[in-house]
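Scope of the values below: all heavy atoms of this structure, side chains included, with no hydrogens, waters or symmetry mates. We number each residue from 1, following the sequence as shown. Remember, it's a predicted structure, so these values are computed and weren't measured experimentally.
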Amino acid sequence: CIMAPLGCHLVGGPAGGVNGGHALYRVFQATRPDSGAAAGEDPQNWLDCAAEMLHNEWPRGGTVRAYEEKLIHPHDSKGDLYALPCSYLLVCDGDCIGHGRLTECFEGSGGSAVAATYVIISSAARGKAHGSALMDLVEKEAERIGYHYAYLWTQSAVGFYRRLGYMMCEKVSLHRACLQTLEREQVSGLERMLSLRLGRGPPKPAATTASDDGAAASPAAPTEMAKESSDAAAPAAEFSEHKAADDDVWLKKRLVESVGSHLPPLERLLDEMEAEAAVALSRSRAGDAQQGESAVVSAGDQVVGWRYALLQMPWQRQIGPSCGLAALRMVRDYFELRQDKGEDPGVSQKKMPSLLQVAQEKGYSTDGEVFVAADLQSLAETVCGLRCEMRSFASVTSNDVVAVLLDGGCLIVPYDSHPGTRLPSHNRGRSAHYGVVVGAMLADPEPAQPGQPRLRPIPPDVAMKAEGVADSATLLVVQHSMSQRLCIARLADFAASNAQLEIADDSRFSETRFDLSDRLIVCHGLTS
């Protein structure tokens, strides 16, 4: 049969000033007249060179022909939208001199991540800074298509990658968590079923010597190419669909500091509060009963309504372990909007210095984590321009929270976040997380008048008194950066979770200063 011609797409653009300029290409099978190669592009020759490069370096990954098949991306388009995994060819002066591959990986600290694999520069082109150019272009393309972290693993090229900004990290998975417990045949079966349902036909069988992602089924031995070099990219360790070798070193690099924020609709917030409030109070009553404590609202009582105070605050997803920095950005955006400057959420972030950079320079953080509440307060005041005060969490009452909210302020609270529900939990600080108190709900035993909603605002001119509004019957509405879903639980539950914060996760943050217990930050507004 006659093979369809190859098409190619310039994805990275030239990296000017690096040995005459480089370009990064994605090669695909062209099935339409307008998707073939342009003048000056030779995708077949580039593909042959890359496949031979990979086969010579990792012969157990398959034949040259098998590598060629794996390098061709199935998406027939010159557009910017395509799915991973994807191979990229580094072209300089018309010749293919390098290759890198991106595939999705999954880590739980926030953001989207890719793994860079099969990174290689041809032997004739090494020692001329091409490796650094290849990594720079691959990272820029990963960022452009929406990824926030790049991971890789290696044995002998740690120094090279660290000079490019990578840091040692924990191992991450190349499968979603829901697939990690499945055998390879089960995953393949799911892929076949989905392909058939989408009308694409069964997926093509992989070469017997290669994994489904085009890498060797077993790790290849280190070669001369894997030696450290300041200007030649040593390959990331042999890619395996299931796991890297035990002696591989994992590294990661942050590609972006933060993403834009948006304002959640007020109607959605109120609907979620009403739906979650009764569940939260029932859950708390059950917990009190198990611990032998008496609930302020007895099991026989029925809450027929709620009084609430609520701030509509821009929401932002955290990138990496940076929940505290994301909380500061949300608070800063909120106060900017409150001053009615007519700016969109996220504009304030462009006006202030990099929170992450300042935190790193001051020694507060390595990759966005801040485990000392006083350090976060310092960043809030000096970088974000917020008027803040540190308070003892144990001394804060329902009245205090409501008074702050009615005055237009908010509170940043540290607590252990349950990895599944994101509710306050008890893990001694190993799941420490920052959230922003944007609302409070008070159980209202008085029935609403006909036609009135069960969820009613607290009038701004009414001072809430402690009588009948105990802390254990007050729900905090907390906005956090791991999910758009609000975290709603009793003030007493948040306080108890905060009180037991002792130490950070040793497996991820060793030798980290930690001081979060009995701390919360009250934010009153901008300094100017």
Side-chain angles (χ1 to χ4, degrees), residues 104-114 142-143 146-151 167 169-170 172 177 252-264 313-334 345-346 348-350 352-360 364-373 375-377 379-380 383-384 386 410-425 427 429-438 477-487 497 501 504-505 508-509 512 516 520-521 523:
E104 278 192 298
C105 59
F106 305 93
E107 49 89 34
S109 59
S112 302
V114 291
E143 178 184 351
Y147 292 92
H148 308 127
Y149 272 96
Y151 285 81
M167 64 177 66
C169 67
E170 72 283 358
V172 298
K252 70 176 179 180
K253 182 176 181 179
R254 178 188 283 266
L255 304 178
V256 297
E257 176 177 345
S258 63
V259 294
S261 56
H262 69 271
L263 199 62
M313 179 174 292
W315 178 83
Q316 180 183 116
R317 180 177 295 280
Q318 71 184 67
I319 303 300
S322 56
C323 55
L325 303 187
L328 292 184
R329 295 189 192 98
M330 289 190 287
V331 172
R332 167 69 187 237
D333 278 353
Y334 161 71
S348 63
Q349 300 169 29
K350 300 175 184 178
M352 63 183 184
S354 162
L355 269 174
L356 177 62
Q357 182 178 344
V358 174
Q360 291 171 332
Y364 297 165
S365 176
T366 300
D367 189 32
E369 74 289 349
V370 181
F371 291 117
V372 177
D375 292 346
L376 194 70
Q377 180 187 8
L379 294 172
V383 182
C384 298
L386 299 175
C410 59
L411 306 90
I412 299 177
V413 294
Y415 61 98
D416 262 335
S417 172
H418 188 281
T421 64
R422 301 301 175 191
L423 293 169
S425 62
N427 200 19
R430 292 182 175 86
S431 305
H433 191 52
Y434 287 101
V436 184
V437 179
V438 297
V477 180
V478 172
Q479 181 169 300
H480 62 100
S481 52
M482 285 295 287
S483 168
Q484 293 190 61
R485 190 177 183 84
L486 297 170
C487 176
S497 178
L501 297 176
D505 185 349
R508 300 176 61 199
F509 307 106
T512 299
L516 297 176
L520 63 77
I521 302 172
C523 302

Asks: Rounded to the nearest 0.5 Å, how far does SG of Cys323 lie from CE of Met330?
Replies: 9.0 Å

Asks: How far apart are the C-alpha atoms of Leu255 and Ile319, what are their side-chain angles, what is the distance that settles it, and do they pass the side chain to side chain contact (heavy atoms under 4.5 Å, CB included) test?
Replies: CA-CA 10 Å; Leu255 304 178; Ile319 303 300; over 6 Å; no

Asks: Using side-chain heavy atoms (C-beta onward) and a distance below 4.5 Å, is Gln479 in contact with Leu486?
Replies: yes

Asks: If you round to the nearest 0.5 Å, how far is CD of Glu369 from OH of Tyr434?
Replies: 10.5 Å

Asks: Measure the shortest side-chain to side-chain distance between Met167 and Lys252 over non-hydrogen atoms and say whether it is less than 4.5 angstrom.
Replies: yes

Asks: How long is the straight-line distance from CG of Leu355 back to OG of Ser365, given to the nearest 0.5 Å?
Replies: 10.5 Å

Asks: Looking at side-chain heavy atoms only, is the closest gap between His148 and Val259 below 4.5 Å?
Replies: yes

Asks: Quick check: closest heavy atoms across Val478 and Gly435, and the distance to 0.1 Å?
Replies: CG1-CA, 3.7 Å

Asks: Minimum heavy-atom separation for Val370 to Leu376, with atom names?
Replies: CG1-N, 3.8 Å

Asks: Of all heavy-atom pairs between Trp315 and Ser483, which one has the smallest distance, and what is that distance?
Replies: NE1-O, 3.2 Å

Asks: Are Ser258 and Leu325 close enough that some pair of their side-chain heavy atoms sits under 4.5 Å apart?
Replies: no

Asks: Rounded to the nearest 0.5 Å, what separation is found between the SG atom of Cys384 and the CG atom of Leu328?
Replies: 4.5 Å

Asks: Applying side chain to side chain contact (heavy atoms under 4.5 Å, CB included), can you list everything that pairs with Ser417, at least two apart in sequence or on another chain?
Replies: Tyr415, Arg422, His433

Asks: Considering residues at least two apart in sequence or located in another chain, which fulfil the salt bridge (Lys or Arg N to Asp or Glu O under 4.0 Å) criterion with Glu257?
Replies: Arg329

Asks: Quick one: salt bridge (charged side-chain N to carboxylate O under 4.0 Å, His left out) pairs with a partner in residues 313-324, sequence neighbours left out?
Replies: none

Asks: Of all residues at least two apart in sequence or in a different chain, which pass the side chain to side chain contact (heavy atoms under 4.5 Å, CB included) check with Gln360?
Replies: Leu356

Asks: Between CD of Gln318 and OG of Ser481, what distance do you get to the nearest 0.5 Å?
Replies: 3.5 Å

Asks: If you measure from NZ on Lys253 to SG on Cys169, what distance do you get to the nearest 0.5 Å?
Replies: 13.5 Å

Asks: For the backbone of Ser497 and the side chain of Asp416, can you confirm whether one donor and one acceptor N or O come within less than 3.5 Å of each other?
Replies: no

Asks: Of the non-hydrogen atoms in Val383 and Met352, which two are nearest, and what is the gap between them?
Replies: O-CB, 3.7 Å

Asks: Run the ring pair (Phe, Tyr, Trp, His ring centres under 6.0 Å) test against Phe371 and tell me which residues pass, sequence neighbours left out.
Replies: Phe509, Phe514

Asks: What's the shortest heavy-atom distance between Pro414 and Leu520, and which atoms?
Replies: CD-CA, 4.4 Å

Asks: So which heavy atom on Gly260 is nearest to which on Gln316, and how close?
Replies: O-CG, 4.1 Å

Asks: Mind checking what makes side-chain hydrogen bond (donor to acceptor under 3.5 Å, both in side chains) contact with Arg254, not counting sequence neighbours?
Replies: Tyr149, Asp367

